[in-house]
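Indexing begins at 1, ligand by ligand and atom by atom, following the structure's order. Residue numbers run from 1 in the order of the sequence given.
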Amino acid sequence: MSRPTKIIIDLAAIRANCQLAQSLAPHSKTLAVVKADAYGHGAGQVAQAIEPLVDMLTVTCLEEALDLRQAGISKPVLLLEGFFTVDEVDLALANDCELVLHTQRQVIEILSMTFSQPIRVWLKVDTGMHRLGISAEFAHSVYSMLNDSPNISQIILMSHFSCADELKNGFTRLQYQSFTECLELIEYHAGVNKNCIVTSFANSAAICGWPDYHLDWIRPGLMLYGISPFDTPHTQGDKLLPAMTFSSEVIAVRHIEAGDSVGYGNTWTASKPSVIATVAVGYGDGYPRNIKSGAPIIVNGQRATLVGRVSMDLICVDVTGISDVAIGADVELWGKNLSVNEVAKWADTIGYELVTRMPSRVKPSYINE
Ligand SMILES: *Cc1c(COP(=O)(O)O)cnc(C)c1O
């Protein structure tokens with residue numbers, strides 16, 4: 001096991017990021033988002049590290065929740081898409097999972113079932129993203145149906161922002177306005193004091209950038225992993241500590257002449273005599289194949305640039321002018337010294353995607369447990 005390609009996950013960084021989220025929203029409870037294998041960081045390990053800090057964890061589906069139970073997680077787990085088929089509901093409840101209800105159909109199915117005790121549900125309202133949720137204008141009638149049912153002990157009203165990462169975009173305010181109108185309609189039609197309705201709206205971008213919209217439960221995802229939700233500098237975003245470090249080593253070094261090309265397809269050609277380091281990492285390890293020549297890479301603690309196409313197991317880096325580059329030199333693809341968001345821009349994507357789609361080829365190792 002000597003190939004030098006490594007993924008290291010710093011669990012202390014994740015705990016610190018979680019505490020930052022909580023310090024920004026001191027009056028809110030925390031629902032830590034560990035879906036998609038904790039954005040590629042390992043759901044079991046991440047959940048174990050933050051379980052003592054948070055009130056609940058959340059994943060996309062029952063399978064992911066059962067993985068958390070396998071890992072010994074005992075706090076309640078919210079399923080962000082509720083159930084896909086009714087036969088999942090009993091198993092979900094038996095495993096202390098709570099359900100998001102985002103369609104009228106799910107609501108009707110829940111109301112027609114029989115439970116040993118009433119359950120708490122999370123009613124999702126569509127306030128403008130138009131992806132999941134009951135339309136804001138009808139939500140009060142669905143709320144009333146749930147409120148009148150002996151099956152339901154509590155209803156938490158939730159919604160999701162589509163543009164909270166754009167701090168000048170007024171749509172976030174419109175979504176919040178739609179949500180408050182929904183609360184007023186519930187008060188008017190269902191006779192429930194709107195100040196007594198428990199609410200949840202904020203993802204990482206809203207936690208960091210929209211302090212008025214934290215409400216009762218925050219839902220931090222990306223920020224837990226130390227990735228800023230913003231693509232420009234931001235006071236809170238810049239305090240986050242990157243949890244994943246993706247690294248490898250130089251395994252060959254060569255000098256090439258002006259006019260020589262590098263890699264498959266000869267897509268990059270040296271304009272002057274250059275030093276090229278070959279690094280043991282490629283798209284088979286999760287480094288994006290579509291990334292452009294010129295993307296930053298840290299070699300020996302200094303910024304160098306990717307040249308040529310990414311191969312399955314290898315990349316080439318222009319290290320001309322970088323001191324002491326020899327076989328065995330340390331390479332950071334992203335991590336503490338280079339943000340995954342910056343790398344993602346060179347691959348026309350976002351940090352979320354790069355960390356979430358890491359293949360299982362390189363097993364992460366965990367520090368600061
Ligand atoms: C994924 C998700 C979140 C977390 O979003 P981040 O941008 O990663 O903080 C919150 N709420 C819902 C409904 C989600 O699907």
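For a threshold of 3.5 Å applied to N or O pairs, the pair formed by Lys35 and ligand 1 contains at least one separation below that value. Residue contacts with ligand 1: Gly221 is placed with a nitrogen or oxygen under 3.5 Å of a nitrogen or oxygen of the ligand (distance criterion only). The N/O atoms of Leu222, backbone and side chain alike, include one that comes under 3.5 Å of an N/O atom in ligand 1.
Nearest heavy-atom pair, Ser28 versus Leu215, reported as atom, atom and distance to 0.1 Å: OG-O, 2.6 Å. Ala202 and Tyr213 get closest at one heavy-atom pair: CB-O, 3.6 Å.
With salt bridges taken as basic N to acidic carboxylate O contacts below 4.0 Å, none links Lys6 and Asp330. Between Lys75 and Glu51, no side-chain nitrogen of the basic residue sits less than 4.0 Å from a carboxylate oxygen of the acidic one, so the salt-bridge criterion is not met. In summary, Asp260 and Arg254 do not engage in a salt bridge, as defined by a charged side-chain N under 4.0 Å from a carboxylate O.
Side-chain contact between Arg303 and Leu338 is present, with at least one heavy-atom pair separated by less than 4.5 Å.
Close contacts between ligand 1 and Ser204 involve ligand atoms 6 (P), 9 (O) [criterion: under 4.0 Å to a heavy atom]. Residue Leu80 approaches ligand 1 through these ligand atoms, each under 4.0 Å from one of its heavy atoms: 13 (C), 14 (C), 15 (O). Of all the atoms in ligand 1, the ones that sit under 4.0 Å from a non-hydrogen atom of Tyr352 are 6 (P), 7 (O), 8 (O). Every atom of ligand 1 is numbered from 1 in the order shown, and the set under 4.0 Å from a heavy atom of Lys124 is 13 (C).
Side-chain atoms of Thr85 and Asp87 include a donor-acceptor pair closer than 3.5 Å.
Contact annotation for His160 and ligand 1: only side-chain heavy atoms (C-beta onward) come within less than 4.0 Å of the ligand. Contact annotation for Met129 and ligand 1: no heavy atom of the residue comes within less than 4.0 Å of the ligand.
Closest to atom 11 (N) of ligand 1 among all protein heavy atoms lies Arg219 NE, 2.9 Å. For atom 8 (O) of ligand 1, the closest non-hydrogen atom of the protein is Tyr39 OH, 2.5 Å.
We find the CG-CG distance between Asp216 and Asp55 to be 11.5 Å, quoted to the nearest 0.5 Å.
Residue-ligand proximity: Met223 is placed with every non-hydrogen atom at 4.0 Å or more from ligand 1.
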